[in-house]
There are 2 protein chains.
Amino acid sequence: MLSRSHPKPPRTGRPRSAAADEAILEATRASLVDLGWSKLTMSDVATRAGVAKTTLYRRWAGKNELVVDAVAVLFDELELPDLGSLSADVQAVVLQFAALLERPETQTALMAVVAESTRDEALRTRIRDSIVDRQKRLVLQGRQRAQERGELPVEQDEDAASTTADLIFDVIAGAVVHRALVSAEPVDADWARRFTVLLLTGLGAAASA
Amino acid sequence: MLSRSHPKPPRTGRPRSAAADEAILEATRASLVDLGWSKLTMSDVATRAGVAKTTLYRRWAGKNELVVDAVAVLFDELELPDLGSLSADVQAVVLQFAALLERPETQTALMAVVAESTRDEALRTRIRDSIVDRQKRLVLQGRQRAQERGELPVEQDEDAASTTADLIFDVIAGAVVHRALVSAEPVDADWARRFTVLLLTGLGAAASA
DNA sequence: TCCTTACGCTACGACCCGTAGCGTAACTGC
DNA sequence: GCAGTTACGCTACGGGTCGTAGCGTAAGGA
């Protein structure tokens, strides 16, 4: 359900082909795998999708927007299983996120579109709406469960709670991305365990774990 | 000191102009500010630097390598002031790092070259050597000071200590980058304080701080 | 059936890429 | 000084992508 939401879907005339939409996005992912971000071209995607190049430009302004939509759907796979403890839940979601970042299409696309978004306000909100904000639900869900289990205190101040959730989200997502893409080292079960200990109990305790 | 280190600097012939080197890197940074990563071209950099395009290609294989070198030097500014406590030291380095990421040239370049590096092994090691690994010194330095103050235990196992340092580095750098570039929200003193509390004492304590 | 919109195709100017060729400049060893 | 070697600036080039315009055709709605 990509809410690309044309504000005025006209009721007359030939409707846009939904099949072409899906074929284009699929072709974009395939092209990302084969060529990577920088060598991906609109012409190549059009050819792979069996579609005219002009059809791409009728729907997407350019490469940036196209790739965001093509990759966004992959992030909806993430789920937070209830494993009985906050620690187990965090480790599970970290490993899920890491598996997503191991896929070549997300690996090459994610950082690239973020880089582009630093100079494109519209693109930034597009990424925020279709990728980033959707994952915050995992943090909120995990916190609620932990509070129900008594593992975390219930915060009274609504604003402070929201700020804390944002902080935790940046820490988890940032650490996994940095480990996987910048340090380029594996996010395996052992790393996830160590990271979770650090997140839950802090630095002093983590050093001796 | 960019160790681009031509293995064989020939002793004969006309030497390469060091002034041109610096002019090119400076022009690259200026072009990053004005145009951003995607619209930066080799021709534009050459023109700004007052240099022929062929001269660029004699020294750098392409846009990726050039930008890495142009931006790398900026990261050497980071220092870890001794403020008397681990908490204060962490907050200070976080704010320094954030200030660096607010500069448009680093903002647009950093994520872009990392994205490219996912499909280019040589570029990845170049980034690692000239940018990433240099910052780990801050973590090692901070830990040593904290241990001398008695704020952190001295780890016996050498490998485990190294692994922990890598983990902490990914957490700090990742969180700041994610906050600044992906969430696109300010890394101010308050955020740095909250983050530091989380890092040092863990999630349960951070929620009630 | 008429109207409206989407589609495929072709062609186009503009731009950037990366390299080759050439004459000139700068520095070294004899 | 002179010859040898390398760097530099300049021009030119084939190859590729971009994004758009124009046209005839296809697919729905009133």
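Residue numbers begin at 1 in each chain, while the letters A, B, ... track the order of the sequences. Since we're looking at a predicted model, the values are computed, not measured.
- A:Glu22 has a carboxylate O that lies under 4.0 Å from a charged side-chain N of A:Arg29, or vice versa, which qualifies the two as a salt bridge.
- You'll find that the side chain of A:Arg59 is closest to C:dC7, out of C:dC7, D:dT20, C:dT19.
- Annotation: proximity of residues 48-56 of chain A to DNA chain C (heavy atom, distance under 4.0 Å) is found for A:Gly50, A:Val51, A:Ala52, A:Thr54, A:Thr55, numbered in ascending order.
- A:Arg134 has a carboxylate O that lies under 4.0 Å from a charged side-chain N of A:Asp76, or vice versa, which qualifies the two as a salt bridge.
- Remark: the A:Glu121 side chain and the A:Thr125 side chain contain no N/O donor-acceptor pair separated by less than 3.5 Å.
- Computed from coordinates, the B:Asp21 CG to D:dA7 P distance equals 12 Å when rounded to whole Å.
- With rounding to whole Å, A:Lys39 atom NZ is found 16 Å from C:dC16 atom C1'.
- A sub-4.0 Å separation between OP1 or OP2 of D:dA26 and a side-chain N or O of A:Arg14 is absent.
- The distance between atom CZ of B:Arg16 and atom C1' of D:dT6, rounded to the nearest whole Å, is 9 Å.
- DNA chain C is contacted by both B:Lys63 and B:Pro15; B:Lys63 maps to the nucleotide lying nearer its 5′ end (nearest heavy atom per residue).
- Picking from C:dT19, D:dT20, C:dC7 the nucleotide with the shortest atom distance to the side chain of A:Arg58 gives C:dC7.
- Considering B:Val171, B:Thr163, B:Asp170 in turn, B:Val171 is the only one that fulfils the side chain to side chain contact (heavy atoms under 4.5 Å, CB included) rule with B:Leu167.
- A salt bridge does not link A:Glu79 to A:Arg137: none of the charged nitrogens lies less than 4.0 Å from a carboxylate oxygen.
- The existence of a salt bridge linking B:Asp120 and B:Arg124 is excluded, since no basic side-chain nitrogen approaches an acidic carboxylate oxygen closer than 4.0 Å.
- For the pair A:Tyr57 OH and D:dT17 C1', the computed distance is 8 Å after rounding to whole Å.
- Under a 4.0 Å N-O distance rule, the pair A:Asp69/A:Arg59 does not qualify as a salt bridge.
- For A:Thr12, counting side-chain heavy atoms from C-beta on, the closest listed nucleotide (C:dC16, C:dT4, C:dC7) is C:dT4.
- Within residues 114-124 of chain A, no residue is approached by DNA chain D to less than 4.0 Å at the level of any non-hydrogen atom.
- With 3.5 Å as the limit, one finds no donor-acceptor pair spanning the side chains of A:Glu158 and A:Ser162.
- Using a 4.0 Å cut-off between charged side-chain N and carboxylate O, A:Lys136 and A:Asp166 make a salt bridge.
- Closest contact between the side chain of A:Thr41 and the listed nucleotides D:dC8, C:dC16, D:dC18 involves D:dC18.
- Distance, B:Met42 CE to C:dC16 P: 13 Å, rounded to whole Å.
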